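Side-chain atoms are counted along with the backbone in the values below, which use heavy atoms only and exclude waters and symmetry mates. Not measured: the values here are computed from a predicted model. Chain letters run A, B, ... following the sequence lines, proteins first, then strands; residues in each count from 1.
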2 protein chains.
Amino acid sequence: MARRSEHSKEEIKSMVLGAAKGLIEEEGLAGLSARKLANQIGYTVGSLYMVFENLDDLILHANAVTLDELYQQLQVTVVEGDNPQATLQILAQTYIEYAMANPNRWNAVFEHHLPEGQQAPEWFQQRVDQIFALVEQQTSRLNIDRKKAVMSARALWSGVHGICVLYMTNKLHLPDEIQVQSLVEDLVSNYLGKL
Amino acid sequence: MARRSEHSKEEIKSMVLGAAKGLIEEEGLAGLSARKLANQIGYTVGSLYMVFENLDDLILHANAVTLDELYQQLQVTVVEGDNPQATLQILAQTYIEYAMANPNRWNAVFEHHLPEGQQAPEWFQQRVDQIFALVEQQTSRLNIDRKKAVMSARALWSGVHGICVLYMTNKLHLPDEIQVQSLVEDLVSNYLGKL
DNA sequence: ACCTGAACACCGTTCAAGT
DNA sequence: ACCTGAACACCGTTCAAGT
């Protein structure tokens, strides 16, 4: 039993990533397993190791898809004419909207950790940088020097991300009268100095 | 083979939590396992289920110890006479210091997720609230109304936490000339409106 | 009552063997 | 060259059986 060659490596790769997307969406990262993936695409477990180094590599690729999708969504909200402050507000809101719309996939990006010493490969890090770049593009338009613009983008985006993380993991414990959205708005507008 | 009664349930509980602390510290949350824990305390796996509901319950308790320790460290840095702005800066710096000093245990608190629908028990949530309360105590001293003070505490602390998360998981990608500490300082001082 | 040890249903990863 | 299927070394959790 072997030698089927029904699909190219690239085809198998995208079949796996498609299955991974579905599994994470429905059961969370913890619900993902090599055997479940193999089963869904109609191959046996061993086959996964033909196209991915290991599960970590596979998850990294699945998370890259998520980051690309998020980047895409953020990008389309940027309107040329708007001032940077307003654009940053919109970017921040779009970010939590995306997280709330895709909780498990968004979570997977930050839940997943490589073993102790290892760090993510370049192609993955670029996906993260791409998003920071979108923010930096706006902070650069404020009346501040280059270094300050880089810092502001990091500080601001980390801040929005922090609210998102705690909210998504039920650790924010907001009183009912306060919405996450207004918390994000508050953070951004206060940081930028009341519009 | 059975019936030893060498230790009370409470004793076993704290032996397990001690072992868990060590294991997480050295190998991270992923390095924790029921068999390793049992081995370290000189009991068999089944015994763990005498004193904890399951591994999630056990981890929750281990994380509570971490949160208590963090709370303790934050609390001692608050000096009565200082103004709220300065105190908030100190709290924020102490927070990342703690995370950097105890990366794996700090990480475990936020890496750990309960299965889908479940949410953390009251006694755990209180540990999180306790820390927010410390921040709220300071924002309350600013010239703003009650609701704004609650929001500021959440927004500010989430922001600091966000920087911490991305930094600790190597997703911040800071240029060498920028320190995390100055990023935190920047976030807090800008949010509070340049001291 | 306390604890064991074996069992159950799962994991990720490897690799000789089959086509 | 491609893929399988079985094996290996692990998991968390349960529970009859022993003292």
Applying the Watson-Crick and G-U criteria (both distances under 3.5 angstrom) with [ ] for crossing and | for other-strand pairs, one obtains for DNA chain D ||.|||||...|||||.||

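The nearest whole Å value for the distance from the NZ atom in A/Lys9 to the C1' atom in D/dA1 is 9 Å. Taking atom OH of B/Tyr43 as the reference point, atom P of C/dT4 lies 7 Å away to the nearest angstrom. Distance A/Asn39 CG to D/dC3 P: 17 Å, rounded to the nearest Å. One interatomic measurement links the two molecules: CG of B/Leu37 to P of D/dC10, which rounds to 16 Å at whole-angstrom precision. The nearest whole Å value for the distance from the CG atom in B/Leu48 to the P atom in C/dT4 is 10 Å. For the pair B/His7 NE2 and C/dC3 C1', the computed distance is 12 Å after rounding to whole Å.
Taking CG from A/Leu91 and OG1 from A/Thr77, the interatomic distance works out to 4.5 Å, rounded to the nearest 0.5 Å.
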Checking side-chain contact (heavy atoms from CB on, under 4.5 Å) for the pair B/Met151/A/Leu183: CA distance, chi angles, key distance, verdict? CA-CA 6 Å; B/Met151 279 188 70; A/Leu183 204 64; 4.1 Å; yes

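Heavy-atom minimum distance, A/Leu174 versus A/Val180: CD1-N, 3.9 Å. Here the shortest heavy-atom pairing between B/Arg154 and A/Leu172 reads NE-O, 3.1 Å.
Using a 4.0 Å cutoff on non-hydrogen atoms, no part of residues 11-21 of chain B comes near DNA chain D.
Surrounding CD of A/Glu122 are at most 12 heavy atoms belonging to other residues, nucleotides or ligands under 6.0 Å away. Applying the 6.0 Å contact sphere to OH of A/Tyr167 captures no more than 12 heavy atoms from other residues, nucleotides or ligands. Within a 6.0 Å radius of CG in A/Asp145, more than 12 heavy atoms belonging to other residues, nucleotides or ligands are found.
In summary, the side chains of A/Asp186 and B/Tyr191 do present a donor paired with an acceptor at a separation below 3.5 Å, with no hydrogens or angles considered.
Between A/Ser47 and D/dT4, a side-chain N or O to OP1/OP2 separation shorter than 4.0 Å is present.
B/Gln93 contributes a side-chain N or O that, together with a main-chain N or O of B/Gln181, makes up a donor-acceptor pair within less than 3.5 Å.
Using bins of under 30°, 30° to 60° and over 60° for the plane-to-plane angle, the ring pair B/Tyr95/B/Trp106 lands in the perpendicular bin.
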Dump the pairs, protein N or O against N or O of nucleotides 12-14 of chain D, anything under 3.5 Å, distances to one decimal.
from, atom 1, to, atom 2, distance (Å)
D/dG12, OP1, B/Ala34, N, 3.4
D/dG12, OP2, B/Ala34, N, 3.0
D/dG12, N7, B/Arg35, NH1, 2.5
D/dG12, O6, B/Arg35, NH2, 2.8
D/dT13, OP2, B/Tyr49, OH, 2.6
D/dT13, OP2, B/Leu55, N, 2.9
D/dT13, O5', B/Tyr49, OH, 3.2

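Less than 6.0 angstrom separates the ring centroid of B/Phe52 from the ring centroid of B/His61.
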